[in-house]
Every structure is written in structure tokens, then in C-alpha cells.
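Below you'll find the structure, written out as C-alpha cells, and then a few comments.
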Amino acid sequence: MSRKILGISAFYHDSAAALVVDGRLVAAAQEERFTRIKHDFNFPTNAVDYCLKEGKITPEQLDYVVFYDKPFLKFDRLIETYLAYAPSGLRSFMMAMPLWLKTKLHLPREIRKAINGRYKGPIVYTVHHESHAASCFFPSPYEEAAILTMDGVGEWDTATIGHGQGNKISLLKSLEFPHSLGLLYSAFTYFTGFRVNSGEYKLMGLAPYGEPKYVKEILENLVDLKEDGSLAMNMEYFSYCEGLTMTNSRFDALFGGPPRKAESAITQREMDLAASIQAVTEEVVLRMARTAQKLTGSKNLCLAGGVALNCVANGKLLRAGIFDNVFITPASGDAGGALGAALFVHYQLLENQRATNGGDTLQGSFLGPRYSNEEIRSFLDKEGVKYHFFADEAELLGKVAQAMKEEKVVGWFQGRMEFGPRALGGRSIIGDARSEVMQSTMNLRIKYRESFRPFAPCVLAEDVAQYFELDRESPYMLLVADVRKELRCDLTKEQRQAMKDPDLRKRVNVKRSSLPAITHVDMSARIQTVDEARHGRYYRLMKEFKRQTGCGVIINTSFNIRGEPIVCTPQDAYRCFVATEMDVLVLENCILYKSEQPQQDASTRKSYIDTFKLD
Ligand SMILES: [Fe+2]
């Protein structure tokens, strides 16, 4: 009998919905893509609508709706934490209460209301870390694997070690709030002036500029790290249990002053702190992974939870050889919990058989909406937009690759939208990785940001070892490895001097390899491998680019400006195209050239940029 299961994650950050029918992932999407509010935490009404539409089912036809954590247990944590610190946490407690009383404690009512009152079936609640574990193990290529989940916090758990076998997951060991690797990393994200739950990626990107000189301070004062990877945090330095900030004045004193103000200059202290917390994180992940290996005896590891997005740590973990194989799910954060929860019901609770065939079942993470050429042309015609339609794919790809070769910046909108935080070739901005100007062009003229981070490369899967110190696929851009030695450049005296410039943008612009736009200052790159089965036309575009240039690597960055959720619809893509200095927009088989579009006036452009809050 056909089983239709809707998974939901909501009310923390990155709300999402996922639909699983007979064990197959039919659809998954984050609410932010529809509402255009980054990290939208509201009930994912639009994402639910989309999933049902994609599955061609009505709410009445759903067999189960599953929520990705247990709200009463979470509430229990909130109350207990408040009581432990009372009365000092009163203000943050009072701020959290309205949403709990109005919505979170009445989830069945809220869920039924949001699905038009038409769903009468059961509502299931999975444990937060079970959802994370399910989101990586069930779609993985492995019949059996160790599972490691690490995040800020779920109900009480902040990290778990589990074992997946066939259609079952068992959690064997856990670490509990307030002791949390995710919150420790977020505390440093906050202290270095980035936004918690979104700026962690920037902190990771900042680490190669610094020296890990604070590791001793961290391990002697902030964290008691045990041999098995568990940790006890010294809460005298943190205020996330009772305050409105992550760290307190003792933390300031330890690191020589208050937190860096957002958007102010980044100093050597922030770089060294970034390098230090990155080194500590890697050590914790390695120790936890060793413990997971000991407890399970497995050769395979599945990773999920927000910390699994730390692709530098993931690369180190892979190279440490603790496991032969590592699978990291692309929607590792809480959005992926929706998908994990639905799979958990299908396999664990309904005991359906699970077959593995050597590959993962995430379909390249292309689980979101797709728009046909008819829909796109009808929109462009209605708006009177000038475009060129190419019925022949080879001709289309020839034109796009040619534009890239000429250092044009291309908006690439093709197929289904990605699920998870990364653009993987469905909603991407792409360009020539060999170009020396591409990094600053894309940052300043397209993304409207000044970044110290290079862009991520896409590489033809069969060519990965030619360009990088990596011998396997990385289809979800979750592994960092070094650019091969033979591609690196010898630096001139001036360049060596520039590498010490306090302005990090000058450092990142030094040409360090023959692929300057994607090589970080420590010679590393955040790699996505592209293959025909997962990526289809995107793969064929890269093949054509290689045919024209001899290069199997391109730049890939998400299709958005700073603070904007990745584009979802052709309308979103067109708006972003005209508001930026992007040269070319490819919407399925249509190509739009900026030179043929009417000039956008400065005030329209500004109002578009101002729509999105800085992230
Ligand atoms: Fe989580």
C-alpha cells in the first residue's frame, strides 16, 4: 500500500517540508525560498503546498505528518534551564514565551490549520537527533554505517553517535545541553562579529588567515575535552543559557576585549580566534568519529547536523582514515530534519525494507520546484523581455560556455531547485575559475559584498584528482581539499608582501594558482564534483566549457545577492539578474544578455538590494 509521509521542520531556523512516498524522496524545500525571508522560521506553509503539488496529492491523502523534534521535551529544557539560572534569565525567557504559548505547544492544531484543516491522520514527533541521523543514514549508499550528528541543540541532545543497519537506526551515545560543539562554534561566530546560525561559514573561511594561537586558552578555560570527544563547557564564560548573547565579560577578558562589532574591520585577533576554534572543532570531530568507529566497528560514517556543514573539518576527517567511506547529507542543518523525520517514519516506524545499490538516493539534492520552458517564455513574453530561445541543447551550451570563456558572469537557472544551503548547479552563478578578476567581479558587482573568501569550484567528477588532492566524489560541496601542487604559483616578492596586508581582500586576490578564483589563501578549495547522472545539463555545460578551454573547473556560487535567499522562480532570477551586473542569464533553454536589456535605474537597483538584510 502506498504510504505518503510529510515531514516538517519549523520554529527555530530554516523551516522546511519534505514529502516521501513509498520511501522515495518526492520533494523537499525550505520555506525561505518562497517567502524570500532568509532562514525563515515560520511554519512552512508554502513549502508544504509545494511538496503536495509536486506529489500531486491533497492533504487528505497523506498517511502521516511528522514533526522533526519533540516540542514538549524542548520546552522542558527551556524551563529547566531557566530555573537553573533564575532569575538572571528572565528577560530571554519572557522573550521566548509568546511563541511557545501561542504556537509551539499547540503543534497539532497549528499543523492541521496550516494544511487547510483537511488532514485528519496521525501526527508523529521524532527526536531531533533521530531526524538528523535519519537524514544522513537512510539516503546514504550504505547498508550499515556509524552515524555522527552534531549541532547547536535539539531537545536536550547536542551530539549523538548512532548505528544504522538496514532500515533501523539506534542512537548509542549522546552529549547534552548546555555542552555543545555547535554552540561553542556559534559563540565564536558571535564573538568575531558574525551572525549566529548563518555566519559560521564565514568564520570557517576566515580561519586560514590566522594562527591557532588560542587553542590552549580554549581547552584550558572554556572546554574540558575528553578523550572520547565528549566535552564539558565552562558556563562561567557563556551566557546563552540565561542571556541574550552567546558570551559574557569573562570571555571578553580572556580574549583581550569585547566582541568585534558586525561589519567593522576584521583584526588579527578574529583571524587567530577563527583558526583556533576551527582547530578545536576538528579535534572534537576526530575524537567523536574515533569513538563512533569503536562503538560500531563500521567502515562507513554518515554525518549530519549543522556542524557537518564544516567542510574543512569533514575533509580532515576523511583524510584521517578513521572510516573508509564518509557520507555527508547536503541539508545537514535543521531544514534536513524534515526529510529525515519523514524517512524515519517510513523505515524505522513502518518497518519498510531498505535496499541500497551503491549510490545515495538524494538525487543530487535537486528536490525543489522546476519551471518549464513554456512557463519561462510566457513570463518573459508577458514582461516584454528580450531573449533567445535555443531548442538545441548543444547550441545553447556552446553559447553559454563561450560567454564564460570571455569572463562573463552567468546566472544559471536549470531544473529543480536544490534542497539545503548550497547551490549545486540548479540555481547558481557561474564563471571562469581561471580568471584573475572573477573573484572581485562576482563579489562587488554581483553579490554586493566584499569578501575575504574565494568562491567554490565545480569540477568534472572524472577530473577531480587532476586538480585537487581528492580521490573521490564530493557532489554536495561538503569536502575541502588542497589544490594540487603543480597548479600552484611561485609568489613574487610583492605578492608575498600582499599576503600580509591587513586588508584580507588584497590577500585573497593574490594569484596563488592557475585557478585563482577558487583557491583559498591556504591553497584549499571547497569542492563540488559534477557528474552526468546527478547534474545532467550542468555536467554537459562543463564538458563543453572544457572542450572550448581545456579546463574542467568552473566557479559556482549561489544565485542571490548578500542576505537574499537563493532564487526559486524565474521571476526571482530575472529580478536578481537586472538588479546586478550579471552579464548573462540562462533560464532553461532561454538566454538573456544584459547588453540587450533596458538600463535599470540606480534607485530600482538600490531598492532591490535594500530588500534584504545583511547576513
Ligand atoms: Fe539540529
Side-chain angles (χ1 to χ4, degrees), residues 7-18 28 30-32 39-44 47 66-78 81 96 104 107 125-139 147-162 169 171 173-187 189 195-201 231 233 240-241 246 281 284-285 288 302-311 313-314 328-344 419-422 476 478:
I8 290 170
S9 73
F11 304 130
Y12 186 45
H13 56 88
D14 295 303
S15 293
Q30 291 126 281
E31 184 68 0
E32 63 161 27
H39 304 304
D40 196 340
F41 65 89
N42 290 297
F43 190 89
V66 51
F67 193 73
Y68 84 131
D69 67 13
K70 292 189 185 286
F72 283 98
L73 266 182
K74 227 176 191 170
F75 192 65
D76 173 57
R77 191 231 316 149
L78 198 78
T81 308
K104 292 186 188 180
L107 267 182
Y125 300 88
T126 49
V127 174
H128 190 100
H129 278 259
E130 275 175 352
S131 305
H132 279 315
S135 78
C136 60
F137 175 67
F138 289 132
I147 306 167
L148 181 56
T149 65
M150 302 165 288
D151 68 359
V153 60
E155 296 88 358
W156 280 98
D157 293 340
T158 62
T160 68
I161 289 172
I169 282 171
L171 298 187
K173 198 173 162 63
S174 70
L175 183 68
E176 284 196 356
F177 183 85
H179 311 294
S180 162
L181 178 58
L183 290 174
L184 176 68
Y185 204 86
S186 290
T189 304
R195 271 173 80 121
V196 171
N197 288 331
S198 98
E200 281 76 7
Y201 235 63
L231 46 94
M233 288 167 70
Y240 55 77
C241 282
M246 294 295 293
T281 300
V284 177
V285 171
M288 284 188 179
C302 294
L303 276 183
V307 180
L309 294 171
N310 192 313
C311 37
N314 296 345
I328 311 144
T329 198
S332 272
D334 281 1
L339 186 151
L343 290 173
F344 189 86
F419 182 52
R422 307 274 85 84
Y476 301 116
L478 284 165

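Both counts, for ligands and for their atoms, begin at 1 and track the order of listing.
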Check whether Tyr12 forms a cation-pi arrangement with Lys74 (NZ or CZ under 6.0 Å from the six-membered ring centre, at most 45° off the ring normal). yes

Starting from the Fe ion (ligand 1), count all protein N, O or S atoms within a radius below 2.8 Å. 4

Name all residues meeting the side-chain hydrogen bond (donor to acceptor under 3.5 Å, both in side chains) criterion together with Glu155; count only those two or more places apart in sequence or in a different chain, and write none if there are none. none

Taken in chain and number order and not counting sequence neighbours, the residues that satisfy ring-ring contact (aromatic ring centres under 6.0 Å, His included) with Phe138 are Tyr347

Surrounding OH of Tyr201 (heavy atoms of other residues, nucleotides or ligands, distance under 6.0 Å), is the total greater than 12? yes

Residue set satisfying ring-ring contact (aromatic ring centres under 6.0 Å, His included) with Tyr68, at least two apart, ordered chain then number -> His128

Heavy-atom check, side chain of Asn197 versus side chain of His39, under 4.5 Å: no

